[in-house]
Peer 1: 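After the C-alpha cells below, expect a handful of questions from me.
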Amino acid sequence: MRIGIVCYPTFGGSGVLATELGKALADKGHQVHFITYQQPVRLNVFNANIFYHEVRVPTYPLFDYPPYEVALASNMVDVIMNYDLDLLHVHYAIPHASAAYMAKQIIQQKIGRNIPVITTLHGTDITLVGRDKTYEPVVTFSINESDAITAVSENLKQETLNHFAINKSIDVITNFVDIERFSKKPIDAFRKVVAPNGEKIFLHASNFRKVKRVDDVVKIFATVRKKIPAKLMMVGDGPERPVIEELARQLHIEADIRFVGKQEQMEEILPVSDIFLLPSEYESFGLAALEAMAARVIVISTNAGGLPEINKHGETGFMADVGDVNAMSNFAINILSNEEKLQQMKEAAYQHACKFDIHQIIPLYEKLYSRFCRMGLS
Ligand code: GMT
C-alpha cells in the first residue's frame, strides 16, 4: 500500500509513535510518505520505501499567523496525486484531521476519488487542547468526517466519547514498543558514569510540560535520596525545566540530578535505570513508560488516564493518586530495599511490555487500512 503519514516531527509521543509505525510499515514493504514540517526525530534510518515531504509555509508581512494548515492540506493533495496514495493516516487531531478533510474534498473535486482518512487520537488533542472552545467545533467535525478513528487506549476512547459528539465508532489500537530494540543489555560504563558508587538510578523522560508534574519527580527523588543513595536522570526539555532546576537547587540535591536534554537513543539510556517516574496529571497511554518497561525498568506513576492499562500495580511497578508524592516515594523506598523483589518486578515489567510488542500491533493497523484500500492489502 501507499500510505501518507501526517504527524508532529518532535520528541512527543504522538510523533514518535507515528514515525515508528511508518518505519515498521516500510519494513513490511509498504510505501510510506511522511508529510510534516521537519524531519521526524525518530526517522533516522534509510529505507527505500520511506519518503519525507517537508511542508514549507511561505511567509508574507500580512501573516501574523502563517497558515500551516493550508500549506499542509496543499502538500497532502500534491503527495496524494503524485504518488497515488491509497490513504492518509493522520496522528493528533489538531490541525491534522481538519487539513486532511480539506485535502479529501479537493481530491474528490479534482479527480473524483475518495481518499480514505484515518485519524489517530493521542491524548492532549482530546483532553487538553481539543476541548478548548476555540478548537472544539473543528475537532469534532473533522474527527466525525474521518473514515476511521482510532484511540491509543480505552481511556482515551472514553474521554473522546464523553467530551465530543462523535457519531462514529472508535477503534482502540494501543501504542506499541519494539521489544527487541529496547531490551538491550545495560552498558556498564554508562551506568558507572551516572552512578559511580553503585547508587540506584531514577529516570524521567518527557516534554517537561505542566501536565507531567515534573516537580513531583524532583520531590519524590528528594525524599527517597534521604534514605537510599540514588541518582536521577532527567531526559527531555520544555517549559518547566527552569522551575525544577531551581527546585533541585533549593532542595540541595542538584549534584545528584543530571539534566541530559532531548535524547534520541532512549534504548541505551533506559536499561541502566531502576525506576521510571511518571507522576503525570494525565496520560492517555504513557508511551515513555512502556519503553521503560521494555528495558526492564519498573514504573512508579500516577493512576491517571490510561496508565493503569500499562502499569500493573504491585506487578510491573506502582501507582498512586495524582499529587500523592508520599505514596510514590514510599513505594520507591520499599522496593529499592528489597533487591530480590526489585529484580522480579523488572522481569514482570518486561514480560508485560511484550504484550505491546510492535509485531503484535502493526497487523492491527494493516487490517484497518485494508478496509479502505482500493485493491485490498497489497
Ligand atoms: O505527552 C505529551 O505531552 C505528548 C503527547 C503527544 O501528543 O505527543 O503524548 C500523548 O500521546 C502519546 C502517544 O500516543 C501518549 O503516550 C501520551 O500519554 C499522550 N500524552 C498525554 O496524554 C498527556
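Note that ligands are numbered from 1 as they come in the structure, with each ligand's atoms numbered from 1 the same way. Everything numeric in this text was worked out from a predicted model, so none of it was measured.
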Peer 1: For atom 4 (C) of ligand 1, what's the nearest protein heavy-atom neighbour? Residue, atom name and distance, please.
Peer 2: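 So the nearest neighbour among protein heavy atoms is N207 ND2, 3.6 Å.
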Peer 1: For ligand 1, is any non-hydrogen atom under 4.0 Å from L17's backbone (N, CA, C, O), its side chain (CB onward), both, or neither?
Peer 2: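 The answer is neither.
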Peer 1: Considering only heavy atoms, does Y8 approach ligand 1 within less than 4.0 Å through its side chain, its backbone, both, or neither?
Peer 2: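 No part of Y8 comes within reach of ligand 1.
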Peer 1: I want to know if ligand 1 touches Y92 in the polar sense, i.e. an N/O pair below 3.5 angstrom.
Peer 2: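 No, Y92 has no N/O under 3.5 Å of an N/O on ligand 1.
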Peer 1: Using a strict 4.0 Å cut-off to heavy atoms of T124, name the atoms of ligand 1 that fall inside it.
Peer 2: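 Those atoms are 23 (C).
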Peer 1: Decide whether an N or O pair under 3.5 Å exists between G13 and ligand 1.
Peer 2: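 Yes, there is a polar N/O contact under 3.5 Å.
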Peer 1: Might you confirm whether atom NZ of K168 has over 12 heavy atoms from other residues, nucleotides or ligands at distances under 6.0 Å?
Peer 2: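 Counting other residues, nucleotides and ligands, NZ of K168 exceeds 12 neighbours.
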Peer 1: If we count only N and O atoms by modelled type, under 3.5 Å, do the side chains of E283 and S280 hold a donor and an acceptor together?
Peer 2: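 Note: E283 and S280 side chains meet the donor-acceptor criterion.
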Peer 1: Does ligand 1 have an atom that lies less than 4.0 angstrom from a heavy atom of N175?
Peer 2: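 For ligand 1, residue contact (heavy atoms, under 4.0 Å) with N175 is present.
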Peer 1: Polar-atom distance check: F285 versus ligand 1, any N or O pair below 3.5 Å?
Peer 2: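 It does: an N or O of F285 is found under 3.5 Å from an N or O of ligand 1.
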Peer 1: Does OH belonging to Y37 count more than 12 external heavy atoms closer than 6.0 Å?
Peer 2: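 Check passes, neighbour count above 12.
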Peer 1: Give the atom numbers and elements of ligand 1 that come within less than 4.0 Å of a heavy atom of G123.
Peer 2: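 Heavy-atom distances to G123 below 4.0 Å select 22 (O).
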Peer 1: I'd like to know if K219 and D215 make a salt bridge, using a cut-off of under 4.0 Å between side-chain N and carboxylate O.
Peer 2: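 Yes, charged N to carboxylate O under 4.0 Å.
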Peer 1: At a non-hydrogen distance cut-off of under 4.0 Å, which region of V16 contacts ligand 1 (side chain, backbone, both, or neither)?
Peer 2: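 Neither part.
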Peer 1: Using a strict threshold of under 4.0 Å (side-chain N to carboxylate O), is an ion pair present between K200 and E339?
Peer 2: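 A salt bridge is present here (some side-chain N lies under 4.0 Å from a carboxylate O).
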Peer 1: Give yes if a backbone or side-chain nitrogen or oxygen of Y282 is under 3.5 Å from a nitrogen or oxygen of ligand 1, and no if not.
Peer 2: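 For ligand 1, there is no N or O atom that lies under 3.5 Å from one belonging to Y282.
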Peer 1: Can you tell me how the ring of F356 sits relative to the ring of H352, calling it parallel under 30°, perpendicular over 60° and tilted otherwise?
Peer 2: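 Taking H352 first and then F356, their aromatic rings stand perpendicular (interplane angle over 60°).
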Peer 1: Can you label the angle between the F51 ring and the H53 ring as parallel, tilted or perpendicular, going by 30° and 60°?
Peer 2: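 Rings of F51 and H53: parallel, as their planes differ by under 30°.
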Peer 1: Just jot down the ligand 1 atoms closer than 4.0 angstrom to any heavy atom of S284, in number order.
Peer 2: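 Near S284, the atoms of ligand 1 are 15 (C), 17 (C), 18 (O), 19 (C), 21 (C), 22 (O).
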Peer 1: Compute the shortest N/O to N/O distance between V152 and ligand 1 and return yes if it is under 3.5 Å, no if not.
Peer 2: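 No: no nitrogen or oxygen of V152 is under 3.5 Å from one in ligand 1.
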Peer 1: Can you sort out which atoms of ligand 1 are near L287, meaning under 4.0 Å from one of its heavy atoms?
Peer 2: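 That gives atoms 16 (O) of ligand 1.
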Peer 1: May I ask you to decide whether E159 forms a salt bridge with R131, counting only side-chain N to carboxylate O separations under 4.0 Å?
Peer 2: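 Looking at R131 together with E159, the answer is yes, because their closest N to O distance falls below 4.0 Å.
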Peer 1: Under 3.5 Å, is there a donor-acceptor pair linking the side chains of E54 and T36?
Peer 2: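 Side chains of E54 and T36: no pair found under 3.5 Å.
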Peer 1: Atom 10 (C) of ligand 1: which of K210, E159, H91, H122 has the nearest heavy atom?
Peer 2: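 Checking each option, the heavy atom nearest atom 10 (C) of ligand 1 is found in H122.
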Peer 1: Could you tell me whether R371 and D147 make a salt bridge, using a distance below 4.0 angstrom between a side-chain N and a carboxylate O?
Peer 2: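 Salt bridge flag = no for D147 with R371.
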Peer 1: Relative to the ring of H33, is the ring of Y83 parallel (under 30°), tilted (30 to 60°) or perpendicular (over 60°)?
Peer 2: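 Y83 vs H33 ring planes: tilted.
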Peer 1: Could you pull out, from K212, E291, E281, E283, the option with a heavy atom nearest to atom 17 (C) of ligand 1?
Peer 2: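 Ranked by closest heavy atom to atom 17 (C) of ligand 1, first place is E283.
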Peer 1: Any atoms of ligand 1 less than 4.0 Å from a non-hydrogen atom of G286? List them with their elements.
Peer 2: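 Taking each heavy atom of G286 in turn, ligand 1 has 15 (C), 16 (O), 17 (C), 18 (O) under 4.0 Å.
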